[in-house]
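Heads up, the thing below is written out as structure tokens.
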Amino acid sequence: MELLHLRYFVAVAQELNFSVAARKLHMAASPLSRRIKDLEKELGHRLFDRSTHHVTLTSAGSALLPIARGVLEQIDSIRWKLDETARPQRTTLLLGVPSGVHPDLRERIDELAERVHDRFEIKRWPGGTDRLVDAVCDGRLALTLARLPAGGDHALEMLPVMSERLGAVVPRERFAGRTSVALAELTDLAYVVSPTAVTAAYFRGLDQQLSELGIRKRIEINSANFDGVSEIVASGLAFSISMLDSRSPVQNHHLENVTVLPFSDFHPRLETGLIWRRDRSQGGDLEEVVAAIREVFVDPLHT
């Protein structure tokens, strides 16, 4: 049995969906399914019940899950435990930062960095939430800011740090003089999301909510950035959803013929949390940093 087999098993057990688990593992679903079958054959037990629409753990799979997690946590902790034995007096910690982080949250991170400055140097590392959380799991990052929901691994701890109100990004001319907008007024427009949001669990859920509330049309873009989304909205073809606060850095990408309005009948909020590994905070190398985090973020930010 190889460690990769256990990683594959845990990924499928967490998602209960081979396609989603395969995306997180950066592989195709078919080879992932074969690896799971190889593991089942080697163990002599069926680990998952599979049907066309559902995947569930068998009793053997449920018994294996905590064992597999324990083994992987021990393996993943080897590197940082070795680093801990020989670390210099001041340690560099990499903090994951997704795009569009609010300036107030950046100020809090600066406050945290100053508080632990004597022993730790915090450096920021950009990326999408899913990849940043994966990097925390395998020890490449010490901790990360993440758009929630994220993670789902029992080896991780999460602290909510900010809640941001979202609004509708709409063509300015069409909604001139308006102070809010109702979802019913947007049904003839397509909903378009930025590429950085497509992979975020929150925006996938938001897309489903909008569909259930009557927003049926979609525009999918694969290569455009925030500016590209703004171009499509400005043309009058679509609307998007973004941070409502004018101080959000995302607002810098909006064109002249674009405005952001609050919804009158819909109240979406984007939650951001700080995530780290439990074994590194409880008696590990991040214990002092996590204690400082809990003090700095005792009251989460709201916009």
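Computed from a prediction, not measured in an experiment: that's the story for all the values here. Because only heavy atoms are used, hydrogens play no part in the values below, and waters and symmetry mates are left out as well, while side chains stay in.
A salt bridge links Arg247 and Asp104; the closest N-O separation between the charged side-chain nitrogens and carboxylate oxygens is under 4.0 Å. Under the 4.0 Å criterion applied to side-chain N and carboxylate O atoms, Arg69 and Glu73 are not assigned as salt-bridge partners. Ionic pairing of Arg174 and Glu185 is not present here: no N-O contact between side-chain nitrogen and carboxylate oxygen is shorter than 4.0 angstrom. Checked for salt-bridge contact, Arg277 and Asp285 miss the test: no charged N lies under 4.0 Å from a carboxylate O. Ionic pairing of Arg50 and Glu40 is present here: one or more N-O contacts between side-chain nitrogen and carboxylate oxygen are shorter than 4.0 angstrom. The pair Asp207-Arg218 meets the salt-bridge criterion, since a charged nitrogen lies less than 4.0 angstrom from a carboxylate oxygen.
Residue Ile67 holds its CD1 atom at 12.0 Å from CG of Leu72, rounded to the nearest 0.5 Å. Here Leu32 contributes atom CG and Leu25 contributes atom CG; the two are 6.0 Å apart, rounded to the nearest 0.5 Å.
In this model, no donor atom of one side chain and acceptor atom of the other lie less than 3.5 Å apart for Asp38 and His5. A side-chain donor-acceptor contact under 3.5 Å links Arg147 and Thr272. With 3.5 Å as the limit, one finds no donor-acceptor pair spanning the side chains of Glu287 and Ser281. Between the side chains of Thr303 and Arg165, not a single donor N or O lies within less than 3.5 Å of an accepting N or O.
Side-chain contact between Thr58 and His45: absent, with no pair of heavy atoms (C-beta onward) separated by less than 4.5 Å. Looking only at side-chain heavy atoms (C-beta outward), Asp153 and Cys137 come within less than 4.5 Å of each other. For the pair Leu186/Phe175, a side-chain contact is recorded, criterion being any heavy-atom separation below 4.5 Å from C-beta on. The shortest side-chain heavy-atom distance between Phe239 and Leu189 falls under the 4.5 Å cut-off. With a 4.5 Å cut-off on side-chain heavy atoms, Leu93 and Leu286 count as touching. Counting only heavy atoms from C-beta outward, the side chains of Arg106 and Arg108 never approach each other to under 4.5 Å. Contact annotation: the side chain of Ser163 never approaches that of Pro300 to less than 4.5 Å [non-hydrogen atoms, C-beta and beyond]. Within the 4.5 Å cutoff, no side-chain heavy atoms of Val97 are placed close to those of Trp125.
Heavy-atom minimum distance, Leu206 versus Pro268: CD1-CB, 4.2 Å. Minimum interatomic distance between Ile109 and Leu95 (heavy atoms only, all atoms of both residues): CG2-CD2, 3.5 Å. Of all heavy-atom pairs spanning Ser62 and Leu57, the tightest one is OG-CB, 3.7 Å. Closest approach of Pro149 to Ala201, counting heavy atoms only: O-CB, 3.6 Å.
When each of Leu39, Val12, Leu65 is tested with Leu47 by the rule side-chain contact (heavy atoms from CB on, under 4.5 Å), just one qualifies, namely Leu39.
Of the possible polar contacts, one joining the Arg172 side chain to the Val258 backbone as a donor-acceptor pair under 3.5 Å is found. Between the side chain of Asn257 and the backbone N or O of Ala234 there is at least one donor-acceptor pair closer than 3.5 Å. Looking only at distances, a side-chain donor or acceptor of Arg278 sits under 3.5 Å from a matching main-chain atom of His154. Judged by distance alone, with hydrogens and angles left aside, the side-chain atoms of Asp265 form a donor-acceptor pair with the main-chain N or O of Leu183 at under 3.5 Å. Judged by distance alone, with hydrogens and angles left aside, the side-chain atoms of Lys217 form a donor-acceptor pair with the main-chain N or O of Asp188 at under 3.5 Å. Between the side chain of Thr187 and the backbone N or O of Ala184 there is at least one donor-acceptor pair closer than 3.5 Å.
Note on Val298: it does not cluster hydrophobically with Val290, by side-chain heavy-atom contacts below 4.5 Å among ILVMFWY residues.
For CD of Glu173, the number of neighbouring non-hydrogen atoms (other residues, nucleotides, ligands) closer than 6.0 Å is 12 at most. In the displayed structure, Arg131 atom CZ is contacted under 6.0 Å by at most 12 heavy atoms of other residues, nucleotides or ligands. Counting heavy-atom neighbours within 6.0 Å of Glu212 CD, excluding the residue itself, gives a total above 12.
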What do the steps show when you test Glu164 against Asp245 for side chain to side chain contact (heavy atoms under 4.5 Å, CB included), and what is the final call?
CA-CA 8 Å; Glu164 295 176 78; Asp245 193 326; 5.7 Å; no
Test side chain to side chain contact (heavy atoms under 4.5 Å, CB included) applied to Phe266 and Leu210, step by step:
CA-CA 10 Å; Phe266 185 49; Leu210 291 172; 3.9 Å; yes
Worked check of side chain to side chain contact (heavy atoms under 4.5 Å, CB included) between Tyr191 and Ile219:
CA-CA 6 Å; Tyr191 171 56; Ile219 292 180; over 6 Å; no
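Ring geometry for Phe48 against Phe18 counts as perpendicular: the plane angle is over 60°, on a 0 to 90° scale with 30° as the lower cut.
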